[in-house]
Amino acid sequence: MDLGLAGKCIIVTGASRGIGLSIAESCAKEGARVAICGRSQSSLDAAAEQLNTHGGKVVALTCDVSDPAALDDFLKAAQQALGGLDGLVNNPSGFGHRDDEESWRINLDVDLLGVVRGTRFAARVMNSGGSIVNMSSTSGIGASSNIAYGAAKAAVIQATQSYALKLAGKRIRVNAIAPGSIEFPDGIWDKRRQHEPESYHRTLAKIPFGRMGRPEEIGRTAAFLLSDAASWITGQTIAVDGGQNL
């Protein structure tokens with residue numbers, strides 16, 4: 001499907017693997033110029049090699065999204081290297097697992113403030129018609145056993161709505177995606193399948209479609225929201241979860 005992303009400049013944070021990489025690849029397949037970041041140089045090198053197969057401009061730089069100065073430096077460098085900014089996907093993930101001070105700090109500083117800082121940057125430099133996509137989670141839609149993570153992702157949904165309203169006058173759209181349980185090699189659900197099979201199958205049994213999601217299913221949704229095909233969509237959170245949230 002031609003989404004009209006050819007030549008567009010798109011930045012995806014936290015994109016060295018999994019969902020972030022699939023989002024970047026979905027955009028690259030559509031002909032977009034993409035910039036990605038991650039904390040591991042080796043993972044970034046592998047991701048860049050994969051993205052380069054689609055023939056477009058690829059920028060891959062290390063960055064710790066929890067560090068405000070490092071994130072700002074990455075965004076500035078990525079925008080300059082790409083030659084502009086048409087779309088931003090805020091995909092940070094600290095994923096603190098516990099209900100303790102450290103997990104709350106990680107989730108708020110990475111999952112929430114990583115989105116806020118990226119959005120503020122895009123709002124300053126993005127031209128009319130730009131699109132921002134924030135990664136939330138179905139854990140942020142209702143009660144979650146992972147309390148700190150769910151609360152941070154719920155805040156992402158609220159921030160998405162508020163920024164959508166704030167930036168509508170500049171014709172910048174802001175939306176969110178709430179993935180359900182997504183499985184990919186060495187990801188959390190792949191690890192649980194191998195090491196905590198009871199937890200894995202308990203979650204699997206709650207998904208009406210009878211399977212875990214795939215990263216590319218999130219990637220295609222993000223590419224759509226970044227494109228002019230979604231030109232009348234803003235302030236929305238789309239659950240991509242095979243009915244899991246139901």
Apply side chain to side chain contact (heavy atoms under 4.5 Å, CB included) to the pair L75 and I11, showing each step before the final yes or no. CA-CA 8 Å; L75 293 170; I11 298 175; 4.0 Å; yes
For atom CD of E49, is the number of surrounding heavy atoms from other residues, nucleotides or ligands below 6.0 Å larger than 12?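 Incorrect, the count does not exceed 12.
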How about K170: does its NZ atom have over 12 heavy atoms from other parts shown lying under 6.0 Å from it?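 More than 12 heavy atoms, drawn from other residues, nucleotides or ligands, come within 6.0 Å of this atom.
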Check whether [X] and [Y] end up in the same hydrophobic cluster, where Ile, Leu, Val, Met, Phe, Trp and Tyr are linked by side-chain heavy atoms less than 4.5 Å apart.
X: I106; Y: V116; result: no
X: L165; Y: I172; result: no
X: L226; Y: V12; result: yes
X: F121; Y: V59; result: yes
X: L82; Y: L51; result: no

[atom1] of [X] to [atom2] of [Y]: how many Å apart, nearest 0.5 Å?
X: S22; Y: K29; atom1: OG; atom2: NZ; result: 8.0 Å
X: S66; Y: R117; atom1: OG; atom2: CZ; result: 8.0 Å
X: L85; Y: R124; atom1: CG; atom2: CZ; result: 11.0 Å
X: D86; Y: C9; atom1: CG; atom2: SG; result: 5.0 Å
X: N245; Y: K206; atom1: CG; atom2: NZ; result: 12.0 Å
X: I23; Y: E216; atom1: CD1; atom2: CD; result: 12.0 Å

So do the side chains of [X] and [Y] get within less than 4.5 Å of each other, counting heavy atoms only?
X: N175; Y: I238; answer: no
X: N107; Y: L112; answer: no
X: L21; Y: F184; answer: no
X: K76; Y: Q79; answer: no
X: T203; Y: Q244; answer: yes
X: S16; Y: L44; answer: yes
X: V115; Y: P92; answer: yes
X: M126; Y: L167; answer: no

Mind listing the closest non-hydrogen atom pair of [X] and [Y] along with its distance?
X: A223; Y: L5; value: O-CD1, 3.8 Å
X: I36; Y: A24; value: CG2-CB, 3.7 Å
X: F224; Y: A230; value: O-CB, 3.4 Å
X: A28; Y: V34; value: N-CG1, 4.1 Å
X: C63; Y: A70; value: SG-O, 3.5 Å
X: T234; Y: A164; value: OG1-CB, 3.5 Å

Reference residue E183; test salt bridge (Lys or Arg N to Asp or Glu O under 4.0 Å); the match among R193, R214, R211: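 Exactly one option meets the salt bridge (Lys or Arg N to Asp or Glu O under 4.0 Å) with E183, and it is R193.
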Just by modelled atom types, is the [Y] backbone N or O under 3.5 Å from a matching donor or acceptor in the [X] side chain?
X: T237; Y: I177; value: no
X: E217; Y: P215; value: no
X: N52; Y: A48; value: yes
X: R33; Y: K57; value: no
X: S131; Y: S227; value: no

Quickly, which of L113, N90, D64, V65 forms a side-chain contact (heavy atoms from CB on, under 4.5 Å) with L71? Name it, please.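 Exactly one candidate clears the test, V65.
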Under 4.0 Å between a Lys/Arg side-chain N and an Asp/Glu carboxylate O for R173 and D228?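 Here R173 does not pair with D228 in a salt bridge, since their nearest N and O are not under 4.0 Å apart.
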Looking at D111 and K153, is any side-chain nitrogen of the basic one under 4.0 Å from a carboxylate oxygen of the acidic one?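 Yes, charged N to carboxylate O under 4.0 Å.
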Begin with the C-alpha distance, continue with both residues' side-chain angles, and end with the deciding distance and a verdict on side chain to side chain contact (heavy atoms under 4.5 Å, CB included) for Y200 and Q194. CA-CA 9 Å; Y200 177 91; Q194 297 179 59; over 6 Å; no
Check the pair M135 / I218 against side chain to side chain contact (heavy atoms under 4.5 Å, CB included), numbers first and verdict last. CA-CA 10 Å; M135 298 308 298; I218 309 300; 3.6 Å; yes
Does a donor on one side chain sit under 3.5 Å from an acceptor on the other, for N134 and T160?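 Yes, side-chain donor-acceptor contact under 3.5 Å.
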Please determine, by modelled atom types, if D100 and S103 share a side-chain donor-acceptor pair under 3.5 angstrom.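 There is such a pair between these side chains.
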Could you walk me through whether F74 and T62 satisfy the side chain to side chain contact (heavy atoms under 4.5 Å, CB included) test, starting with their C-alpha distance in whole Å, then the side-chain angles of each, then the deciding distance to 0.1 Å, before giving a yes or no? CA-CA 8 Å; F74 162 69; T62 57; over 6 Å; no
